[in-house]
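Right, one structure below, let's go through it.
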2 protein chains.
Amino acid sequence: MDTPEGPLPERLRTLPSRLTNGAALIANRLVDQALAQAGARRYHYALLATLEEYGPASQAALGRRTGIDRSDMVTTVNDLAERRFLDRAPDLEDRRRNIITITPAGRGHLADLDRLIAAAQDEYLSPLSAADRQSLIDLLTRLVERHGDKRHQGARPTAPS
Amino acid sequence: MDTPEGPLPERLRTLPSRLTNGAALIANRLVDQALAQAGARRYHYALLATLEEYGPASQAALGRRTGIDRSDMVTTVNDLAERRFLDRAPDLEDRRRNIITITPAGRGHLADLDRLIAAAQDEYLSPLSAADRQSLIDLLTRLVERHGDKRHQGARPTAPS
DNA sequence: TCTGTATTGTTGGTCGCACCAACGTTTGAA
DNA sequence: TTCAAACGTTGGTGCGACCAACAATACAGA
C-alpha cells in the first residue's frame with residue numbers, strides 16, 4: 001500500500017467495529033508470523049494450551065472449552081497428532097469419543113509457542129503503557145464475555161443488564 | 001455451539017490478540033448483519049463515507065485514503081455504480097484514471113447505512129459504559145495508528161518509542 | 001523524439017479462518 | 001426395542017484480505 005492520501009473520513013475514524021477489526025488484523029498478522037516460525041497455527045496453540053492446563057479430554061469437550069468448531073478441531077488434532085505433539089486414543093468407556101492427550105514433545109512445542117506468542121503480544125501492544133494494556137484487556141474481555149454469553153443462549157437475545 | 005465446558009486456559013483467557021480477534025468477530029458479525037439489510041458490505045460504507053466527506057477522487061486515491069486494496073476497490077466501485085450510488089467517469093486530464101463521485105441516491109443510501117451502522121455499534125458496545133467506550137476507542141485508535149504507520153514504512157521496522 | 005519508469009485500473013487469482021450440513025457409529029433413556 | 005442425542009468425520013461454503021501480472025497512459029530525462 002502506498003503512503004496514505006490523508007485522514008480517514010470522520011465516520012470511519014472512530015468507528016469501534018472498524019477499529020476493532022483493524023487491530024485484529026494487526027494482532028493476527030503478528031501472531032501468525034510468529035507461530036509460522038514453528039510451523040504452528042493459532043488453533044494449535046489454543047489446543048495445546050488447553051490440554052496442558054486441563055489434561056486429557058475428548059475432542060467435543062475440547063471444542064466446547066475453546067470454541068473451536070468440531071470440524072476445525074478434527075483438522076487441528078490431525079495436525080498435532082501427525083507431529084506427535086498429542087496422542088489420540090479411543091475412549092474405551094464410550095467408543096464415540098477419542099481421548100486427546102498432550103505428549104512430552106507437545107509440552108516442549110508449547111513452550112516454544114509460548115515464547116513466540118509472548119513476543120508477538122509485546123509487539124502488538126508496544127504502543128501502549130502497561131496500564132493501558134490492562135485496560136484494553138479488561139474492556140475486550142467484558143465485550144467478548146458478554147457477547148459470548150448471548151451466543152450461547154441461542155436465538156433468544158438477553159435484555160442488557 | 002453447545003454450552004461451554006468451563007473456563008478457557010489461563011494462557012488464552014487474557015491473550016490480547018485472541019481477545020481482539022474475538023471482539024472483531026463479534027463486531028463484524030453485527031455490522032455485516034446490519035448492512036445486509038440494505039444489501040451493503042463494509043467496503044461499500046467505507047467508500048460512500050469517504051466520497052461524501054472528501055468529494056470526487058480517483059480509485060487509487062480512494063484506495064490510499066481508506067486502505068482498501070486496489071482490486072477490492074474495483075469490485076466495490078462496480079457494486080455501487082451498478083446500483084447508481086456512485087458515478088464513474090474517465091478523468092479527461094489523465095486517462096489512466098476514473099473519477100468517482102457519489103450520487104444523490106448514494107447519499108440517501110449512506111444515510112440508511114449510517115443508521116444501521118450506528119445500531120450495530122450500539123449493540124456491539126452495549127456491555128460498556130460511555131466512558132469505557134471512549135477508552136476502548138482511544139486505545140484501539142492508538143494501536144491501529146502506530147502499527148499502521150509501521151506498515152507504511154515498508155520493510156524498515158521503526159524502533160519503538 | 002524516444003525510452004524507461006511509474007501510475008492506474010483491471011483481471012484473476014490464493015489462502016485461511018470461521019462457519020455449516022450430513023452421515024455413520026455409539027450410547028443410554030424410555 | 002426404539003429413538004434421540006452425542007461424537008467424530010467428511011465435505012463443503014463464503015468472504016475478507018491480500019497478491020501478481022498485464023495493458024494503457026503519463027511524464028521525466030536523454
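To find a chain, count down the sequence lines: A is the first, B the second, and so on, and within it residues start at 1. Worth saying up front: this structure is predicted, and the values here are computed from it rather than measured.
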5′-ward residue of the pair A:N78/B:D72 relative to DNA chain D
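In this pair, the answer is A:N78.
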Please answer whether the main-chain N or O of A:L125 pairs with a side-chain N or O of B:H147 as donor and acceptor at a distance below 3.5 Å.
no
Is there a donor-acceptor pair under 3.5 Å between the side chain of A:Y54 and the backbone N or O of B:P7?
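Yes: the side chain of A:Y54 pairs with the backbone of B:P7.
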For [X] and [N], give me the distance from atom [atom1] to atom [atom2], rounded to whole Å.
| X | N | atom1 | atom2 | result |
| --- | --- | --- | --- | --- |
| A:I99 | C:dT26 | CD1 | P | 16 Å |
| B:I100 | C:dT8 | CD1 | C1' | 12 Å |
| B:L25 | D:dC15 | CG | P | 16 Å |
| A:I68 | D:dC7 | CD1 | P | 16 Å |
| A:M73 | D:dA6 | CE | P | 17 Å |
| A:D32 | C:dC17 | CG | P | 6 Å |
| A:R29 | C:dC15 | CZ | P | 18 Å |
| B:D91 | D:dA24 | CG | P | 19 Å |

Students often get this wrong, so: under 4.0 angstrom with heavy atoms, is B:N21 touching a base, only sugar-phosphate, or nothing?
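Sugar-phosphate, backbone atoms only, no base.
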Show each protein N/O and nucleotides 1-5 of chain D N/O combination with a separation under 3.5 Å, one pair to a line.
none

B:Q134 and B:D138: side-chain donor and acceptor closer than 3.5 Å?
yes
Between B:Y43 and B:T66, does any side-chain donor sit less than 3.5 Å from a side-chain acceptor?
no
For A:R11, enumerate each residue passing the salt bridge (Lys or Arg N to Asp or Glu O under 4.0 Å) test, keeping only those at least two apart in sequence or located in another chain.
B:E52, B:D114
B:R13: partners by salt bridge (Lys or Arg N to Asp or Glu O under 4.0 Å), with sequence neighbours left out:
A:E53, B:E10
When you check the gap from the basic side-chain N to the acidic O, do B:D132 and A:R142 get nearer than 4.0 Å?
yes
Regarding B:D122 and B:R133, does a basic nitrogen lie under 4.0 Å from an acidic carboxylate oxygen?
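Looking at B:D122 and B:R133, the cut-off is met.
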Between [X] and [N], is there a contact of a side-chain N or O with OP1 or OP2 at under 4.0 Å?
| X | N | result |
| --- | --- | --- |
| B:R88 | C:dT8 | no |
| B:N98 | C:dT10 | yes |
| A:R64 | D:dC7 | yes |

Looking at every heavy atom in both A:A49 and A:L110, which two are closest together, and how far apart are they?
N-CD1, 4.0 Å
Are B:Q121 and A:S17 close enough that some pair of their side-chain heavy atoms sits under 4.5 Å apart?
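A side-chain contact under 4.5 Å exists here.
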Assuming nearest nucleotide by heavy-atom distance, tell me which of A:N28 and A:L92 is located more 5' along DNA chain C.
A:N28
At a cut-off of 3.5 Å, list every protein nitrogen or oxygen paired with a nitrogen or oxygen from nucleotides 21-24 of chain C, distance to 0.1 Å.
none

Quick note, ring-ring contact (aromatic ring centres under 6.0 Å, His included) partners involving residues 65-93 of chain B, not counting sequence neighbours, are B:F85-B:H109
Take a 6.0 Å sphere around CZ of B:R88 and say whether it holds more than 12 heavy atoms from other residues, nucleotides or ligands.
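Yes, CZ of B:R88 has more than 12 neighbouring heavy atoms, counting only those of other groups under 6.0 Å.
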Below 4.0 angstrom, which residues in residues 35-60 of chain A have at least one non-hydrogen atom near DNA chain C?
A:R41, A:R42, A:Y43
